*Asks:* 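Have a look at this one before I ask anything.
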Amino acid sequence: MGHMSDQTAPQQMSRLSQKAHRKAIGLAVSAAVGGFLFGFDSSVINGAVDAIEKRFAISAAVTGFVVAIALLGCALGAWLSGRFADRWGRTKVMVAAAVVFFISSVMAAFAFSSWDLALWRFMAGVGIGIASAVVPAYIAEIAPAAMRGRLASLQQLAITLGIFAALLSDQVLAHLPHPAATPLAAGTILGLAAWRWMFLVCIIPATVYGVLAWRMPESPRYLMAKGEVGKAREVLAEVIGDPAEVQRQFTEIENAIGADLDLAGAKHPLRENRPGRHGFLGLRRIVWIGIGLSVFQQFVGINVIFYYSTTLWSAVGFTESDAFMISTLTSVTNVVVTFVAIALVDKIGRKPLLLIGSAGMTVSLAAMALAFLQSTVGTDGSRVLPSGSAWGLIALVAANLFVVFFGATWGPVVWVLLGEMFPNAIRAAALGVAAAFQWIANFAITMTFPPILAGPGPSFAYFMYAAFAALSFFFVLALVRETKGRQLEEMSDG
């Protein structure tokens, strides 16, 4: 009998660990719905832009402001999320983000002027910004170290799925009204303009996210920091399984939290206040590395591909219909290549993936810049590539290669690193600051591309993005540390 129990004990432990890992995966997927909101919201307004311009009789500049103001709301939400998450917990803040997004979506759908629409878009941005910062922290804190990279990559996968779902939703809603409506989204469905339905659809993912977040257990590291030791041990047991490993991690977290008490209780925990250390502008070195990763992720110009794709492919010589098809295929490519990162991030590590991505993006962006250098000014004042030229095909291939390199590396891996690279005591606050800079960088790229397009032209923009991609390679090489397989309690800023 004893011999049988010796044989079955490892099997029982294996089943326990498998069950716990399934639980961790389920929680990570649930949390990553916040990323879906992020992607959905950033793209859903694109299908409504022309109809909003017509309905409120506003200029292109005001329209651009209404579109971009959500990004500033995102920056504010991300900035606030750290202190909220440390005060009230990760899951409560996720629920609050879902509520904010739900309310703003309903109000935007029934906006009566461009200015109140801008207000609700800003509010939606706050909700998305909060979720964008708290989700990576939560996933990192509940994921076993061996699979943390894969689970944290789900955030980016959810973002790409959200972009694709918004694109699909907009197209369906735009074509449901009578086709004579111009623009299409100005037509009505059940007496309500199609563009208003585009915002109303947002309440579905917001509701799903709110319900899931309400049911999720709190982060064990947050619970430990708040003295809820029993609950923290229960959550660790749920996501790890093996009692010996649960005890080991429990002890590590307990020791780390004890060591971090002074830092967490400091008036300005993100500032460098250790003897002999002088952080740039007062901030700790690790916070600046997080900010650098966030800014480079946006300064390579990825959102130009998604926000201005129709303009881009029209310049290459494609019809509007073909341009939409290419944009859809690009968004699908973005989803698919994220699985490459999920497969590789825990095998070859974070730093090698970022370096490969930087090199690939530099080459593909430089190829795009060279292609657009051949463009000429058309009769309507826009820049177009010569018809029948091979440069159009080169630009198309290079743009999609850029999306492949970004989607398999910098897109997901930056979120993985931001969730795990900071010490426990400052993780939520530091991630919030880094995410806020990411949204500000996104805003800067989004707002500067149209004037660059109208002035120096697309080749200038893509040479600039290529330069940032090249700089990102050396930034990672010099400053980013590998975090693969390390426990969160081992993270420090040296």
Side-chain angles (χ1 to χ4, degrees), residues 28 31-32 34-35 38-39 74-75 77-86 90 93-94 97 128-143 145 148-159 219 221-222 269-270 283-300 302 338 341-342 345-346 349-351 353-354 357-358 406-407 409-442 472 475-476 479-484 486-488 490-493:
F38 171 168
C74 289
W79 189 276
L80 296 173
S81 68
R83 68 184 70 180
F84 291 163
D86 284 336
R90 280 57 165 150
V93 169
M94 283 191 252
I128 298 306
I130 291 172
S132 74
V134 78
V135 168
Y138 179 83
I139 294 177
E141 290 177 350
I142 59 97
R148 192 173 60 233
R150 279 167 285 169
L151 296 187
S153 298
L154 293 175
Q155 160 92 340
Q156 180 67 16
L157 178 62
I159 291 169
S219 152
R221 286 161 175 90
Y222 171 80
L270 300 187
L283 285 181
R284 296 165 74 91
R285 179 176 179 271
I286 194 70
V287 178
W288 279 115
I289 293 172
I291 290 170
L293 284 168
S294 290
V295 170
F296 276 121
Q297 192 203 46
Q298 295 302 313
F299 273 14
V300 296
I302 186 64
T338 307
I342 292 171
V345 69
D346 284 323
R350 287 65 159 147
K351 189 167 182 172
L353 277 178
L354 289 180
S358 294
F406 179 89
T409 62
W410 275 80
V413 175
V414 167
W415 288 113
V416 173
L417 278 169
L418 291 180
E420 65 187 8
M421 66 189 281
F422 303 113
N424 278 336
I426 64 168
R427 180 170 299 112
L431 209 163
V433 170
F437 272 90
Q438 189 172 122
W439 287 110
I440 291 167
N442 186 342
S472 74
F475 176 85
V476 171
L479 297 173
V480 175
R481 292 181 180 178
E482 183 55 69
T483 55
K484 176 174 74 98
R486 293 172 63 196
Q487 296 294 341
L488 294 184
E490 299 175 51
M491 304 301 176
S492 71
D493 53 359

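On a predicted model such as this, the values are computed, not experimentally measured, just so you know.
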*Asks:* Minimum heavy-atom separation for A436 and W79, please, with both atom names.
*Replies:*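 Between these two residues, the closest heavy atoms are CB-CE3, 3.6 Å.
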
*Asks:* I want to check something: taking the side chain as every heavy atom from C-beta on, are L154 and T338 in contact at a cut-off of under 4.5 Å?
*Replies:*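 Of all side-chain heavy-atom pairs linking T338 with L154, none is under 4.5 Å.
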
*Asks:* State, to 0.1 Å, how close R350 and V345 come at their nearest heavy-atom pair, and which atoms those are.
*Replies:*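 For R350 versus V345, the nearest heavy atoms are NH1-O, 2.9 Å.
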
*Asks:* Only distances under 3.5 Å count here; give the side-chain donor-acceptor pairs of residues 129-138 to other protein atoms, sequence neighbours excluded, each with its distance to 0.1 Å.
*Replies:*
unit_1, atom_1, unit_2, atom_2, d
S132, OG, G129, O, 2.8
S132, OG, W439, NE1, 3.1
Y138, OH, P217, O, 2.7

*Asks:* Is R427 salt-bridged to E420, cutoff N-O under 4.0 Å?
*Replies:*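 No, R427 and E420 are not salt-bridged.
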
*Asks:* Where is the tightest heavy-atom contact between V287 and V433, given as atom of each residue plus distance?
*Replies:*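 Shortest heavy-atom separation between V287 and V433 comes out as CG1-CG1, 4.4 Å.
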
*Asks:* Under the side chain to side chain contact (heavy atoms under 4.5 Å, CB included) criterion, do Q156 and F406 qualify, and how do the steps go?
*Replies:* CA-CA 11 Å; Q156 180 67 16; F406 179 89; 4.2 Å; yes

*Asks:* Can you classify the ring geometry of F296 versus F475 as parallel (below 30°), tilted (30 to 60°) or perpendicular (above 60°)?
*Replies:*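 It falls in the tilted class, 30° to 60°.
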
*Asks:* What I'd like to find out is whether the side chain of W410 reaches to under 4.5 Å of the side chain of W415, using heavy atoms alone.
*Replies:*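 No; the side chains remain at least 4.5 Å from each other.
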
*Asks:* Roughly how far, to the nearest 0.5 Å, is CZ of F38 from CD1 of I159?
*Replies:*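 Taking CD1 in I159 and CZ in F38, the distance rounds to 4.0 Å.
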
*Asks:* Should S294 and L418 count as side-chain neighbours, where that means a heavy-atom distance under 4.5 Å?
*Replies:*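 S294 vs L418: side chains touch.
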
*Asks:* Tell me the closest heavy-atom pair linking A152 and V416, and the distance in Å.
*Replies:*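 Reported closest heavy-atom pair: CB-CG2, 3.6 Å.
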
*Asks:* Going from CD1 on I302 to CG on N442, what distance comes out if it is rounded to the nearest 0.5 angstrom?
*Replies:*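 I302 atom CD1 to N442 atom CG measures 10.5 Å (nearest 0.5 Å).
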
*Asks:* Go through the steps to decide whether L293 and M421 satisfy the test side chain to side chain contact (heavy atoms under 4.5 Å, CB included), and finish with yes or no.
*Replies:* CA-CA 11 Å; L293 284 168; M421 66 189 281; 4.0 Å; yes

*Asks:* How close do R148 and A140 get, counting heavy atoms only, and between which atoms?
*Replies:*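 Closest approach of R148 to A140, heavy atoms only: CD-O, 3.6 Å.
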
*Asks:* For S472, give me all partners under side chain to side chain donor-acceptor pair (under 3.5 Å), at least two apart in sequence or on another chain.
*Replies:*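 Only S358 meet the side chain to side chain donor-acceptor pair (under 3.5 Å) criterion with S472.
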
*Asks:* Are the side chains of I440 and Q298 in contact, using a 4.5 Å heavy-atom criterion?
*Replies:*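 Q298 vs I440: side chains apart.
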
*Asks:* Do Q438 and V414 have side chains that get closer than 4.5 Å, going by heavy atoms?
*Replies:*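 Yes, side chains in contact.
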
*Asks:* Only counting residues at least two apart or in another chain, list the ones meeting side chain to side chain donor-acceptor pair (under 3.5 Å) with S219.
*Replies:*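 E141.
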
*Asks:* Minimum heavy-atom separation for D86 to A429, with atom names?
*Replies:*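 Taking every non-hydrogen atom into account, OD2-N, 4.1 Å.
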
*Asks:* Could you state the interatomic distance from CD1 (I426) to CG (L431), rounded to the nearest 0.5 Å?
*Replies:*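 Here the rounded value is 10.5 Å.
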
*Asks:* Using modelled atom types only, decide if a donor and an acceptor are shared between the side chain of K351 and the backbone of V480 within a distance under 3.5 Å.
*Replies:*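 A pair under 3.5 Å: yes.
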
*Asks:* Can you measure from OG (S153) to CG (D346) and round to the nearest 0.5 angstrom?
*Replies:*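 That separation rounds to 7.5 Å.
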
*Asks:* Apply side chain to side chain contact (heavy atoms under 4.5 Å, CB included) to residues L417 and I289 and explain how you reach the verdict.
*Replies:* CA-CA 10 Å; L417 278 169; I289 293 172; over 6 Å; no

*Asks:* For a 4.5 angstrom cut-off between non-hydrogen side-chain atoms, does L479 reach R285?
*Replies:*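 Heavy-atom side-chain distance check passes, below 4.5 Å.
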
